[in-house]
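Okay, structure first, notes after.
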Amino acid sequence: MYIAHVLVEHSSHALDRSFTYLSKKPVKAGVRVSIFFNHQRIVGYILNVEYTSKTKEELEIEYGFRLAYINELIDEEPILNEELLSLAKSLSKATVSPLISCLQVMLPGNLKPKSVKRVAIKTLKAIRVISDEKAKTSKQNECLEILRSKDFFLHDVPYSRALISKLEEQGLIEIYDQEILRTPEVENVDSSEVLLTDSQKKVVEGILATKEESISLIHGVTGSGKTEVYIDLTRHILEQGKNVIMLVPEISLTPMMVKIFKSRFGNQVAILHSRLSAGEKYDEYRRITRKEVRIVVGARSAIFAPLEDIGLIIMDEEHDSSYKQENTPRYATLQVAKMRARTHKCRIVLGSATPLVESYARAKAGFYHLFELPERINKKPLPHVDIVNMEEETKAGNYGYMSQLMKSRLQETIDRGEQAILLLNKRGYASFIKCTDCQEVVKCPHCDVTLTYHKNEDRLKCHYCDFSMSVPRECPSCHSTHLKKIGYGTQRIEEYIQSHIVNAKVMRFDYDTTRNKNSHTKLLKAFRNKEANILVGTQMIAKGLDFENVTFVGVLSADLTLTLPDYRASERTFQLLTQVAGRSGRGEKSGSVVIQTYNPDHYAIALAAKHDYAHFYEKEMAYRKLANYPPYCHLLAIVVQSRSDAVVKRAATEIKYHLVKSLNDAQIIGPSEAGIFKMKDTYRERILVKYKDAKPVYRILESLNDFYNKKQNGKVSMVCDFHPYTLI
DNA sequence: AGCACGCCGACT
DNA sequence: GTCGGCGTGCTC
Ligand SMILES: [Zn+2]
Ligand SMILES: [Zn+2]
């Protein structure tokens, strides 16, 4: 008899321990099993196994509870290797999240220990010769010879199905299902080898000269050729017989880097990115476990790729928010990268035009090696940026979306036959329903948010839960029938442009126009083919677009990200403006940028316009020091949740009390209501812990987690978010 | 997480 | 007298 200690699939702290199951046949640790758990058939993961000579009844008396048998084995082999299992355990501790949730994020959909519909593993009938004997007829022997020469799929053997059947009957061949790995199609891009500039060479040599396990930061302006540096580094590491993980931000388009690496390194590359279907992801994952690839390119979760002998981990655009996972387990990718780098004794390279000030500070302090690429490869200057003070614009009587300068620049661009990109910020452009009598907006009954109007479905929807309703006839609070639609999404801007710019052909790039899977690509292709001359979009267009005919970028309002109640507000504004400005003048023609703002003197805006990271860094560091934010401390956000607002307030106060009592040199802020207090019918209070020493923080969290997440039986719960990227 | 069980109010 | 809504406990 075998005793298996099994983790159940539910990601809950109360169930974050193993349950004992029995098996008469030997079972392996590390495989998934189907089990009955509290009247439900669910999936479990075997943590470890022991042999016993005792019977079920004896064990039940010993343990004091009834035991159940494992229902069925799902896998033949462990789904994770030793390194990744121990990584999952460390991650679970570091993020204070259930171990099973860590196993689940690390694996592709098909291999997750979770009961969901699995995508089909694609197979084809293949033929294998299993005997050296001769067949009966000469025709059969002829066929047999051909089959011996190489592997065939049933459908491309140049003989009839009947003849194959005869061979099978004679026991000479066998027909079996062979797993076919789908390889995602990636557009080929020019990746011909380029000679590195002297400064690029210096960076590559410099990084290769650093000692193993060290971290390097490449600060390179847009167009400084970081990509070539990554490629050259990768080449060197491959030559040393080691493998490479290349991480890129998660964006709705296939990132350029994916295309470049795939074109350059071909089938040595596996891609793990959200643009892949579940089937493709699984197949790419299998190619990694089968050691068929040496490079993995992918977004955040690619840091968990089962690659062995890792010699280098690269994080491109290291400042990007997608490197932080915003649900359980809430991990920071760099944190995981460091764990893997330690086991593989490999280097980490971070790259960005606008590094996080924390990263830059660490580099300046000597914790990371700092490499600067201050010049563009083509020696062309960065686009010229003008800032327009919208306050003066309003004083002059212009209340429209666009300043005079914006309009004239846009018109000039179009008159020259070139293209422009206009960036709208997300908030403020959604439409909603408002009562003109009592001024109330229609809100979600489950969340503290305004419902947004979706034109194509003619319904109001909540962005935070799945609530939706048809447009009401009367106001929910005063029953007046005078309801008005406010805002028109990006459509209103489109109309404005049409009426102010001659020959404007506008294309909108937003949630409405890019909802189905390939519509982005189609839309962008159309824009590249000059079917439109103005591309209007939300922040989605700031990332990764590369059109050589775009010579003008307009930012309608730089203030929306700036005024967010978040310690990164300035930094994100600086990053966004730098990034979107980089879309202008990427080809031969030089570009320009206009930024509209009510805060023209704010350092994030003024310095982004001058492409001056160094001074931005100084200003931002001064603010971080004054307000005590990273890198001057570490952050932990604790969100306390409950269905009852009274319970949540009381629990949050209690938790704060415990934190204050046991953390002497940490600063505890709050509790205060989370940005959206009620969400999905649960009320949320937030406590912010600013600490230097992590040890005592983990110690107190362990007991708080024990009490609030395991014993309190669902009334309240708390979620820990270490190193939060945003506090909203 | 999600099912069973039990308690209580509403409705045949 | 019975149906079902929700709060509570528990899962090998
Ligand atoms: Zn809602
Ligand atoms: Zn009203």
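All chains are named by letter (A, B, ...) in the order of the sequence lines, taking the proteins before the strands, and each is independently numbered beginning at 1. The structure presented is a predicted model; accordingly, all values stated were derived computationally and were not measured.
Applying the side-chain contact (heavy atoms from CB on, under 4.5 Å) criterion to A:Ala569, with sequence neighbours excluded, gives no partner residue. Every residue was checked against the side-chain hydrogen bond (donor to acceptor under 3.5 Å, both in side chains) condition with A:Ser301, not counting sequence neighbours, and none meets it. Qualifying side-chain hydrogen bond (donor to acceptor under 3.5 Å, both in side chains) partners for A:Glu317, counting only residues two or more places apart in sequence or in other chains: none. With sequence neighbours left out, A:Ser101 forms a side-chain hydrogen bond (donor to acceptor under 3.5 Å, both in side chains) with no residue at all. Considering only residues two or more places apart in sequence or on other chains, A:Lys291 meets the salt bridge (charged side-chain N to carboxylate O under 4.0 Å, His left out) condition with A:Glu308.
Counting non-hydrogen atoms under 4.0 angstrom, A:Tyr21 reaches the backbone sugars and phosphates but no base. Residue contacts shown for A:Leu15 include a base, since a base heavy atom lies under 4.0 Å away. If you check every strand for non-hydrogen atoms under 4.0 Å, A:Phe36 touches sugar and phosphate atoms only. Using a 4.0 Å heavy-atom distance criterion, A:Arg643 is classed as making no nucleic acid contact.
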Which side-chain N or O atoms in residues 717-728 of chain A pair as donor and acceptor under 3.5 Å with protein atoms at least two apart or in another chain?
from     : atom 1 : to       : atom 2 : distance (Å)
A:Asp721 : OD1    : A:Lys324 : NZ     : 2.4
A:Asp721 : OD2    : A:Arg330 : NH1    : 3.3
A:Tyr725 : OH     : A:His319 : O      : 2.7
A:Thr726 : OG1    : A:Asp566 : OD2    : 2.6
A:Thr726 : OG1    : A:Ile728 : N      : 3.1

Report, one line per pair, each donor and acceptor closer than 3.5 Å where one atom sits in a side chain of residues 695-704 of chain A; sequence neighbours left out.
from     : atom 1 : to       : atom 2 : distance (Å)
A:Tyr698 : OH     : A:Ala94  : O      : 2.6
A:Ser703 : OG     : A:Ile700 : O      : 3.0

Name each donor-acceptor pair under 3.5 Å that joins a side chain in residues 437-445 of chain A to protein atoms two or more places apart or in another chain, with its distance.
from     : atom 1 : to       : atom 2 : distance (Å)
A:Asp437 : OD2    : A:Ser480 : OG     : 2.6
A:Asp437 : OD2    : A:His482 : ND1    : 3.0
A:Gln439 : NE2    : A:Thr436 : O      : 3.1

Q) Going 5' to 3' along nucleotides 4-9 of chain C, which nucleotides have protein heavy atoms under 4.0 Å from the base (write B), which only from the sugar-phosphate (write S), and which from neither (write -)? A) ----SS
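Counting to the nearest Å, the P atom of C:dC12 and the CG atom of A:Leu59 are 16 Å from each other. Taking atom CG of residue A:Leu7 and atom C1' of nucleotide C:dT11, one finds them 14 Å apart after rounding to whole Å. A:Met1 places its CE atom 14 Å from the C1' atom of C:dC12, with the value rounded to the nearest Å. One atom, NE2 of A:His39, and another, P of C:dT11, lie 9 Å apart when rounded to the nearest Å. In this structure, the CD atom of A:Gln40 is 8 Å from the C1' atom of C:dT11, given to the nearest Å. Protein atom CZ of A:Arg17 is 8 Å distant from nucleotide atom C1' of C:dC12, rounded to whole Å. Regarding A:Glu50, its CD atom lies at a distance of 18 Å from the P atom of C:dC12, rounded to whole Å. Between A:Ile35 atom CD1 and C:dC12 atom C1' the separation is 8 Å, expressed in whole Å.
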Q: Show your reasoning for whether ring-ring contact (aromatic ring centres under 6.0 Å, His included) applies to A:Tyr453 and A:Phe432.
A: CA-CA 5 Å; A:Tyr453 176 69; A:Phe432 52 93; over 10 Å; no
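Annotation: side chain of A:Arg643 is in contact with side chain of A:Asp681 (closest heavy-atom distance under 4.5 Å).
Running 5' to 3' along DNA chain B, contacts with non-hydrogen atoms of chain A at under 4.0 Å begin and end at B:dA1 to B:dA4.
For residues 50-68 of chain A, the set of pairs meeting the salt bridge (Lys or Arg N to Asp or Glu O under 4.0 Å) definition, not counting sequence neighbours, comprises A:Lys54-A:Glu62, A:Lys56-A:Glu60, A:Glu60-A:Arg66.
Where pairing requires Watson-Crick or G-U contacts shorter than 3.5 Å, the helical stems of DNA chain B with at least three consecutive pairs are B:1-11 with C:1-11.
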